[in-house]
Every structure is written in structure tokens, then in C-alpha cells.
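Hydrogens, waters and symmetry mates play no part in the numbers below; they use all other heavy atoms, side chains included. For the single chain, residues carry numbers from 1 onward in sequence order. Here the structure is a predicted model, which means the values were calculated and not measured.
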Amino acid sequence: MGSIAGWLYYPQYQISQLKKQSLEASGQESSPTYIDYYSKYPKNSLYHLALGDSIIRGIGADQDQNLVRHFSEELGRLTAKEVDFQNEGVSGMTSGELKQLVDSSKYDEEIKRADIITVNIGGNDVLRAAKKTDFQSAFKAFDSIQESFSQNLADIAARITEMNPKATIVFLELYNPLNPEAAYYGMADKLLPKWNLNIYRTAKDIPTAIVVETSKVINGDNLQNLAPDGVHPNSLGYKAIASQIIFQLKTSMIKAAA
């Protein structure tokens with residue numbers, strides 16, 4: 001990886017380039033930020049649909065302290081609109097299972113109605129593989145697991161945009177919840193950018209998509225944001241993720257206003 005060619009293929013570099021391209025695509029002076037856009041939206045209320053796993057469900061915090069509620073309430077305050085939300089998070093769900101549910105038309109009406117759709121999925125793809133064997137074997141099988149996840153996420157995104165091309169899709173990065181002193185912390189920290197690169201690549205092809213840097217607020221330097229299980233955020237963590245979403249919606253210009 002010492003050569004320039006090797007560095008160009010480094011996942012973190014590719015992610016930074018995709019972020020830069022996204023900013024350039026939305027950099028027109030006439031483009032509003034997401035918050036400004038929804039503040040002037042010709043509707044009195046917004047509908048927020050959240051799909052995914054236990055992070056969406058809110059495991060690790062009290063029922064009224066989950067990410068979906070935190071974000072929806074702050075979005076309502078900033079846009080001066082009522083924000084109705086639907087939390088469809090399912091603990092333990094994998095990307096393949098979410099794809100099946102989306103393809104089955106289970107969420108069709110909600111997707112068509114939604115103004116904003118938050119998606120967090122993928123962590124259980126790795127965790128389930130690890131439970132079948134062990135973390136070391138799961139890491140060895142990382143490439144194949146990652147490939148399946150990437151295809152599932154692309155299919156989920158395609159189905160959503162087919163039904164509702166105007167909805168903003170908010171993808172969340174996966175984060176590394178391990179303590180820096182944990183045995184697999186270093187390995188997980190190196191693999192995480194490779195995994196998240198798939199999310200950025202999927203978002204790049206969707207004019208209305210944004211990727212939230214969840215790993216900025218849930219990481220080895222912010223262990224106070226984790227629940228006692230050491231995996232899920234606690235109420236502080238969910239509030240921090242919600243704040244990160246809001247920050248990016250306030251500072252990012254919308255790429256394709258409806």
C-alpha cells in the first residue's frame with residue numbers, strides 16, 4: 001500500500017472522494033439545505049419512515065429515547081412543521097431480510113407517503129456470520145458478506161426510489177462499538193471503512209440520498225454513548241446520532257429538490 005496506486009484504492013480515501021463529489025454535486029448557490037428545503041415544503045406536515053435493525057428500533061434506550069423520535073422531534077422544531085414518524089426497526093434484521101420485506105410490498109404505502117426515509121442495516125450481516133463460527137472466521141469471509149450486503153442495499157434503494165423518487169433517503173454508516181483495548185478493535189476499525197464504502201457508493205447513484213457519519217459520534221472515543229451491552233447506543237448515543245443527522249441536513253445542500 002506504499003505506492004500511489006495502492007493509496008488511491010484505500011477505502012477511506014474513496015469515501016472522502018465520494019463525499020467531495022457529493023458536495024460538488026450539491027454546491028450550486030441556488031440549492032437550499034435539506035432543512036431549508038423542508039421548512040419551505042408546501043405541506044403542513046412531514047412523514048418520516050425508518051427502516052432497519054435494532055438501531056432503528058432503539059434497543060439500548062427507553063422507548064421514548066430512540067433515534068427515530070429524537071430526530072423527528074428536532075426536525076419538526078427546525079422546520080416548524082409537524083413530523084409524523086413510523087418506526088419499522090426489527091431487532092436482529094439483516095440486509096437480506098430487509099430486502100425481502102421491501103420486495104414483498106410490506107412497506108409500500110409507507111414508502112410512497114414518506115418525505116424522509118432513514119435506513120440502518122448491515123451490522124447483523126456480520127454478527128450473524130460471526131455467531132455461526134467465530135469473529136476470526138467471519139473476518140475471513142468478510143468480502144463475500146460485504147458483497148451480499150452491497151447488492152441487498154442497492155436493491156432496497158432501487159425499490160424505494162422506484163416507488164418514491166422524491167423522498168430523501170438517509171443512510172447511516174455502521175460504527176465500531178468496541179473498546180480500543182478489545183482484541184478485535186484494530187481489525188474492525190480497518191474493515192469498517194471498506195463496509196461503509198458500499199453505503200456511499202449506493203448513495204452516490206441516488207440524487208436524494210445522504211449518508212450520515214454515525215461513526216463520528218459512536219466510536220472508541222465516545223464509549224459513554226453506548227448502552228451496557230457495549231453494542232447499541234444508549235439514550236445519549238441515539239441523541240448524538242440524531243444531532244449528527246440534523247447537522248448534516250443543516251449543512252448539506254439538497255442535490256435534487258422535488
Side-chain angles (χ1 to χ4, degrees), residues 11 15 18 48-60 66-68 86-112 114 116-165 167 169-178 184 187-188 191-206 208-212 214-215 218 229 231-233 241:
I15 289 175
L18 288 173
H48 172 214
L49 172 65
L51 303 174
D53 52 29
S54 56
I55 304 301
I56 294 295
R57 185 76 256 158
I59 300 302
N66 62 69
L67 164 66
V68 179
Q86 181 66 27
N87 188 327
E88 292 289 348
V90 178
S91 296
M93 179 179 280
T94 64
S95 63
E97 290 166 347
L98 180 57
K99 176 184 180 301
Q100 288 178 354
L101 287 176
V102 170
D103 286 346
S104 74
S105 300
K106 176 178 175 61
Y107 305 124
D108 280 10
E109 293 308 310
E110 287 84 357
I111 290 172
K112 291 174 184 176
I116 298 175
I117 301 172
T118 300
V119 178
N120 186 88
I121 201 69
N124 291 305
D125 294 38
V126 176
L127 290 175
R128 194 171 293 186
K131 286 178 181 178
K132 289 180 180 178
T133 52
D134 53 63
F135 273 107
Q136 191 167 0
S137 298
F139 283 132
K140 287 180 180 178
F142 182 81
D143 286 344
S144 62
I145 299 170
Q146 179 181 229
E147 185 176 345
S148 296
F149 164 74
S150 180
Q151 186 59 59
N152 289 335
L153 189 67
D155 290 345
I156 291 165
R159 174 81 171 148
I160 289 173
T161 52
E162 178 185 359
M163 286 187 287
N164 188 347
I169 305 178
V170 178
F171 292 108
L172 303 186
E173 284 183 342
L174 266 66
Y175 59 81
N176 179 4
L178 295 177
Y184 291 107
M187 188 181 296
L191 292 177
L192 195 65
K194 290 184 65 178
W195 188 276
N196 283 332
L197 181 57
N198 296 294
I199 302 174
Y200 281 92
R201 284 173 172 163
T202 298
K204 179 179 179 292
D205 296 328
I206 304 171
T208 57
I210 185 170
V211 182
V212 172
T214 318
S215 56
I218 308 291
D229 65 12
V231 175
H232 297 94
I241 297 172

Enquirer: How long is the gap from OG1 on Thr208 to CD1 on Ile160, to the nearest 0.5 Å?
Expert: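 One gets 9.5 Å once the value is rounded to the nearest 0.5 Å.
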
Enquirer: Just how far is it from atom CG of Asn198 to atom CD of Gln151, taken to the nearest 0.5 Å?
Expert: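 So the gap between those two atoms works out to 10.5 Å.
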
Enquirer: Are the side chain of Ser150 and the backbone of Gln146 linked by a donor-acceptor contact shorter than 3.5 Å?
Expert: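 Checking the backbone N and O of Gln146 against the side chain of Ser150, no donor-acceptor pair under 3.5 Å is found.
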
Enquirer: Roughly how far, to the nearest 0.5 Å, is the CD1 atom of Ile111 from the CG atom of Leu51?
Expert: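 Spacing of CG (Leu51) from CD1 (Ile111) equals 6.0 Å.
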
Enquirer: Verify, without hydrogens or angle tests, whether Glu173 (side chain) and Ser215 (backbone) share a donor-acceptor contact under 3.5 angstrom.
Expert: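 Side chain of Glu173 to backbone of Ser215: a pair is present.
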
Enquirer: Are the side chains of Leu98 and Tyr107 in contact, using a 4.5 Å heavy-atom criterion?
Expert: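 With C-beta onward as the side chain, the pair touches.
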
Enquirer: Okay, side chain of Ser105, backbone of Asp108: is any donor-acceptor separation there less than 3.5 Å?
Expert: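 Between the backbone of Asp108 and the side chain of Ser105 there is no qualifying donor-acceptor contact (under 3.5 Å).
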
Enquirer: Tell me whether Asp125 contacts the main-chain N or O of Ser95 through its side chain, where contact means a donor paired with an acceptor under 3.5 Å.
Expert: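 Yes; judged by distance alone, with no hydrogens or angles, the pair exists.
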
Enquirer: Could you tell me which residues satisfy ring-ring contact (aromatic ring centres under 6.0 Å, His included) with Phe149, sequence neighbours excluded, listed by chain and number?
Expert: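 Applying ring-ring contact (aromatic ring centres under 6.0 Å, His included) to Phe149 gives Trp195.
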
Enquirer: On a heavy-atom basis, which atom in Val68 and which in Ala50 lie closest, and how many Å separate them?
Expert: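 For Val68 versus Ala50, the nearest heavy atoms are CG2-CB, 3.5 Å.
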
Enquirer: Could you tell me if the side chain of Ile241 sits less than 4.5 Å from the side chain of Ile218, heavy atoms only?
Expert: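 Yes, their side chains come closer than 4.5 Å.
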
Enquirer: Take Val102 and Asp155, measure what side chain to side chain contact (heavy atoms under 4.5 Å, CB included) needs, and give me the verdict at the end.
Expert: CA-CA 9 Å; Val102 170; Asp155 290 345; over 6 Å; no

Enquirer: Of all heavy-atom pairs between Ser91 and Arg57, which one has the smallest distance, and what is that distance?
Expert: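 Heavy atoms of Ser91 and Arg57 come nearest at OG-CG, 4.2 Å.
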
Enquirer: How many angstroms lie between OH in Tyr200 and CD1 in Ile210, if you round to the nearest 0.5 Å?
Expert: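 If we round to the nearest 0.5 Å, Tyr200:OH and Ile210:CD1 are 9.0 Å apart.
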
Enquirer: Taking only residues two or more places apart in sequence or in another chain, which ones pass side chain to side chain contact (heavy atoms under 4.5 Å, CB included) with Ala167?
Expert: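 Ile117, Asn164.
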
Enquirer: Do you know which two heavy atoms are closest between Gly60 and His232, and how far apart they sit?
Expert: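 Nearest heavy atoms, Gly60 then His232: CA-CB, 4.3 Å.
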
Enquirer: Can you list everything that forms a side chain to side chain contact (heavy atoms under 4.5 Å, CB included) with Asp103? Sequence neighbours excluded, please.
Expert: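 Only Lys99, Arg159 meet the side chain to side chain contact (heavy atoms under 4.5 Å, CB included) criterion with Asp103.
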
Enquirer: Please enumerate all residues that pass side chain to side chain contact (heavy atoms under 4.5 Å, CB included) together with Asn176, with sequence neighbours excluded.
Expert: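 Side chain to side chain contact (heavy atoms under 4.5 Å, CB included) list for Asn176, sorted by chain: Leu178, Tyr185, Ala188, Asp189, Leu192.
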
Enquirer: Take Ile121 and Leu153 through the side chain to side chain contact (heavy atoms under 4.5 Å, CB included) test and state the conclusion after the steps.
Expert: CA-CA 8 Å; Ile121 201 69; Leu153 189 67; 4.0 Å; yes

Enquirer: For Met93, is there any backbone N or O sitting under 3.5 Å from a side-chain donor or acceptor partner on Asn124?
Expert: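 Yes: the side chain of Asn124 pairs with the backbone of Met93.
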
Enquirer: How far apart are the closest heavy atoms of Gly58 and Asn66, and which atoms are they?
Expert: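 Heavy atoms only, the tightest pair is CA-CB, 3.7 Å.
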
Enquirer: Using side chain to side chain contact (heavy atoms under 4.5 Å, CB included) as the criterion, list what pairs up with Asn120, not counting sequence neighbours.
Expert: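 For Asn120 the side chain to side chain contact (heavy atoms under 4.5 Å, CB included) partners, ignoring immediate neighbours, are Asp53, Ile55, Ile56, Leu172.
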
Enquirer: Looking only at heavy atoms, what is the nearest atom pair of Ala157 and Ile206, with distance?
Expert: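 Reported closest heavy-atom pair: CB-CD1, 3.5 Å.
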
Enquirer: First locate atom CD1 of Ile116, then atom CD1 of Ile169, and finally report the distance between them rounded to the nearest 0.5 Å.
Expert: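 Ile116 atom CD1 to Ile169 atom CD1 measures 11.5 Å (nearest 0.5 Å).
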
Enquirer: Kindly compute the distance separating CD1 (Ile59) from CG (Asp229), expressed to the nearest 0.5 Å.
Expert: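 Atom-to-atom, Ile59:CD1 and Asp229:CG are 9.0 Å apart.
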
Enquirer: Name all residues meeting the side-chain hydrogen bond (donor to acceptor under 3.5 Å, both in side chains) criterion together with Thr161; count only those two or more places apart in sequence or in a different chain, and write none if there are none.
Expert: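 Counting only residues at least two positions away or on another chain, Thr161 forms no side-chain hydrogen bond (donor to acceptor under 3.5 Å, both in side chains).
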
